[in-house]
Asker: 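Below is one structure. I have some questions about it.
These numbers were taken from a predicted model, which means no experiment stands behind them. Below, read A as the first sequence line, B as the second, and so on, with proteins coming before strands; counting in each chain starts at 1.
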2 protein chains.
Amino acid sequence: MIRVLIAEDQHVIRSALVALLSLEDDLEVVAETGTGADVVSKALVFTPDIAVLDIDMPEVDGLTAAAELAVKLPACRALMLTGNGKPGHLRRALAAKVGGFVLKTAPPDELIAAIRKVAAGERVLDPSLAVTAWDLADDPLTPREKDVLRLAADGAEATDIAKELHLSAGTVRNNLTAIVAKLNARGRTDAVRIAREAGWI
Amino acid sequence: MIRVLIAEDQHVIRSALVALLSLEDDLEVVAETGTGADVVSKALVFTPDIAVLDIDMPEVDGLTAAAELAVKLPACRALMLTGNGKPGHLRRALAAKVGGFVLKTAPPDELIAAIRKVAAGERVLDPSLAVTAWDLADDPLTPREKDVLRLAADGAEATDIAKELHLSAGTVRNNLTAIVAKLNARGRTDAVRIAREAGWI
């Protein structure tokens with residue numbers, strides 16, 4: 001028996017998911033919630049094997065909940081179930097070590113198959129996100145360059161970024177020049193746009 | 001009209017591909033070859049918009065040809081058409097900046113759609129390779145660590161690796177320790193196996 005927790009803020013959809021999964025002999029929905037804020041506490045009580053998590057939820061989003069879950073209850077694997085596959089969401093899902101990422105547009109059979117696979121330790125990614133995943137894999141930026149670009153994206157000047165990252169202002173300026181060149185960008189703003197669209201920052 | 005070059009060593013398959021593509025009003029096969037060694041020279045003569053390349057070919061493989069093509073004739077985009085999607089092949093395809101990667105198991109319509117998309121500047125990845133691409137994106141190794149691990153995989157000792165990469169032996173040993181920890185490996189041999197299977201080296 002695979003024990004399932006469901007987190008989805010839209011009540012009708014959550015109930016429909018519970019009904020759908022309950023039709024399967026090997027799946028048991030042991031907990032449900034409408035916010036990411038409850039995921040870890042409910043998981044600690046009901047010990048699901050897998051948490052099926054929506055991303056856009058009030059208070060705490062599903063990706064934040066997945067990252068917390070990976071730390072607090074690593075035995076429970078996360079499967080993101082979301083309306084869209086933004087590159088940034090896929091990047092955060094990777095970082096949170098989720099077991100799967102399936103779109104709500106997928107046929108129900110695929111969701112159920114994905115739950116079984118992720119519960120068995122496999123990784124599942126919605127086939128329609130193949131190109132998005134490839135773009136993520138193509139990330140040319142170093143971790144340092146990502147940090148610099150994220151701060152630049154928030155509007156910080158080179159001297160502020162340098163202070164924040166304990167670097168010299170010259171190093172930060174060199175990083176920014178390298179980033180613009182690597183991304184074939186017209187300038188910093190364009191580099192931020194390119195990196196955001198590709199999900200690299 | 002989209003001008004197509006086809007490189008495929010198995011003659012029957014190559015002829016079948018030419019026949020298939022020639023049925024489309026907007027595709028014209030302008031050149032064909034049975035080895036990767038001829039791809040660039042034929043492309044320079046016949047100026048295709050897109051090169052459809054098999055990977056396993058005699059003399060020069062399709063990925064090497066794609067990498068050369070990207071340097072010598074960047075206007076011609078490459079679409080890999082292969083029997084299997086090994087992670088290492090997908091990694092090399094990424095590095096060669098190919099426009100697409102489609103499996104021979106795909107329906108003909110998908111191949112034709114992929115040719116049109118890649119010729120239009122889009123990127124195409126066979127949906128069945130979504131998880132492989134995700135694994136690639138999850139690569140935890142730095143470029144330095146990859147260099148060290150590749151040399152270790154060839155059987156080099158830390159002192160040899162240090163000489164080759166102009167590093168100190170201590171640095172190389174630290175890199176190897178970090179790699180084993182990052183990959184959760186039992187030792188160097190296990191780290192090489194994990195990184196190879198995931199396509200990271």
Side-chain angles (χ1 to χ4, degrees), chain A residues 70 74 78-80 85-103 105-107 110 113-114 117-118 120-146 178 182-184 194-195 197-201, chain B residues 70 74 78-80 85-103 105-107 110 113-114 117-118 120-146 178 182-184 194-195 197-201:
Chain A
L79 171 63
M80 309 313 300
K86 286 182 200 159
H89 284 171
L90 201 54
R91 176 177 55 74
R92 286 180 59 202
L94 259 180
K97 303 279 170 206
V98 310
F101 198 107
V102 172
L103 296 185
T105 50
E110 279 190 23
K117 281 185 186 169
V118 171
E122 286 180 57
R123 217 174 211 186
V124 176
L125 179 61
D126 199 290
S128 66
L129 297 175
V131 173
T132 306
W134 201 13
D135 284 341
L136 278 187
D138 204 18
D139 184 354
L141 303 175
T142 66
R144 159 84 58 85
E145 287 168 347
K146 282 178 212 285
K182 275 185 183 179
L183 301 186
N184 221 349
I194 292 169
E197 284 179 4
W200 297 330
I201 59 168
Chain B
L79 171 63
M80 309 314 299
K86 286 182 200 159
H89 284 170
L90 201 55
R91 176 177 54 77
R92 286 180 59 203
L94 259 180
K97 303 280 169 206
V98 310
F101 198 107
V102 172
L103 296 185
T105 50
E110 278 190 23
K117 281 185 186 171
V118 170
E122 286 180 57
R123 217 174 211 186
V124 176
L125 179 61
D126 198 291
S128 67
L129 298 175
V131 173
T132 306
W134 202 13
D135 284 341
L136 277 187
D138 205 18
D139 184 352
L141 303 175
T142 66
R144 158 84 58 84
E145 287 167 347
K146 281 177 212 286
K182 275 186 183 180
L183 302 186
N184 221 348
I194 292 169
E197 284 179 3
W200 297 331
I201 58 168

Asker: Going by heavy atoms in the side chains, are Trp200(B) and Pro140(B) under 4.5 Å from each other?
Answerer: yes
Asker: Please test Arg123(A) against Asp138(B) for side chain to side chain contact (heavy atoms under 4.5 Å, CB included), starting from the C-alpha separation and ending with a verdict.
Answerer: CA-CA 12 Å; Arg123(A) 217 174 211 186; Asp138(B) 205 18; 2.6 Å; yes
Asker: Is the side chain of Glu145(A) donor-acceptor paired with the backbone N or O of Thr142(A) at a distance under 3.5 Å, no angle test?
Answerer: yes
Asker: How about NZ on Lys117(B), more than 12 heavy atoms from neighbouring residues, nucleotides or ligands closer than 6.0 Å, or not?
Answerer: no
Asker: At a 4.5 Å cut-off on heavy atoms, which part of Asp135(B) comes close to chain A: side chain, backbone, both, or neither?
Answerer: both
Asker: With chain B as the partner, which of Leu136(A), Val131(A), Leu94(A) has the greatest number of non-hydrogen pairs under 4.5 Å?
Answerer: Leu94(A)
Asker: Between Ala93(A), Ala95(A), Gly100(A), who has the most heavy-atom pairs with chain B when the cutoff is under 4.5 Å?
Answerer: Gly100(A)
